[in-house]
Amino acid sequence: MTEKSSIDIFSENYRIIEEDICKSAQSVGLSRDDIILLAATKTVPYETINFAIESGIKYIGENRVQEFLSKDNLITKDVHRHFIGHLQSNKVKDIVGKVEMIQSVHSVKLASLIGKLSCEKGITTDILLEVNIGAEENKSGFLKHEIDSAVEEISKIDGICVKGMMTIPPVCEKKTEIIPFFEEMYKLFIDNKCKKIDNVSMEYLSMGMSSDYSEAIKCGSNLVRIGTSLFGKRIY
Ligand SMILES: *Cc1c(COP(=O)(O)O)cnc(C)c1O
């Protein structure tokens, strides 16, 4: 018996996920085009990523700098490239200018560094602020009560533009348990969107992964990051 390739798995799953996203969007009065599907491509071979892009994927996200760099030149197709993983300060210089958006900005210090390196290159980098919505000790991200002052402080940094928020909520046994976390995120997002702070455009609320993207969309997410359901189980 031969293993199914990630290309085969993608071909089987992509349309189903597209339909699911469409249905979820419509259930809250939105259309398919209101939601961005970002393919989380960690451990996925570049050939499969190129195939996915040819098939219609417009956004991809890596979560390790080393892996991003090793595949970046091999992804020959036109696509929006995001960074979605934990970013260490010493690696920021390797990706600024190479990704369109850094979704996982978890501290003011990291935002300042991205800003500084972007200015040196004469560019502006779009960022999302990562929120640790479950206040989990082993997770990075701003805590709920820190986010308002963080948005204000980060809005003053040159070289970056705050485009929204992202979160990875706690692992929940039942799908319904995750909904309150998504709802809290939506509230934080809307509260800050309404403030109309200079240099801050709260356009994207990035939440929802393979197991919960439908719930996330129903709670107001407009950017879902999907790996396993598109490409199959990851083997490290
Ligand atoms: C891997 C990853 C995802 C996708 O997770 P799946 O459960 O495989 O869909 C989403 N967001 C981030 C930050 C990731 O690292």
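Atoms within a ligand are numbered from 1 in the order they appear, just like the ligands themselves.
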**OP:** Not counting sequence neighbours, list each pair that qualifies as a salt bridge (charged side-chain N to carboxylate O under 4.0 Å, His left out) and has a residue in residues 218-231.
**Re:** none
Subject >> side-chain hydrogen bond (donor to acceptor under 3.5 Å, both in side chains) partners of K91, counting only residues at least two apart >> reply: Q88
**OP:** Look at the aromatic rings of F189 and Y186 and report parallel, tilted or perpendicular, splitting at 30° and 60°.
**Re:** tilted
List the atom pairs, with distances to 0.1 Å, where a side-chain N or O of residues 197-204 and a protein N or O form a donor-acceptor pair under 3.5 Å, not counting sequence neighbours.
residue	atom	partner	partner atom	Å
N199	ND2	S155	O	3.0
N199	ND2	I160	O	3.3
S201	OG	E203	OE2	2.9
E203	OE2	K163	NZ	3.3

**OP:** In plain terms, say whether D212 and K175 are close enough for a salt bridge, that is, a side-chain N and a carboxylate O under 4.0 Å apart.
**Re:** no
Original post:
If you measure from the Lys or Arg side-chain nitrogens to the Asp or Glu carboxylate oxygens, is any gap between K195 and D191 under 4.0 Å?
Top reply: no
Subject >> First-shell residues of ligand 1 [heavy atom, distance under 4.0 Å] >> reply: A40, K42, N63, I84, I168, M209, S210, R225, I226, G227, T228, R234
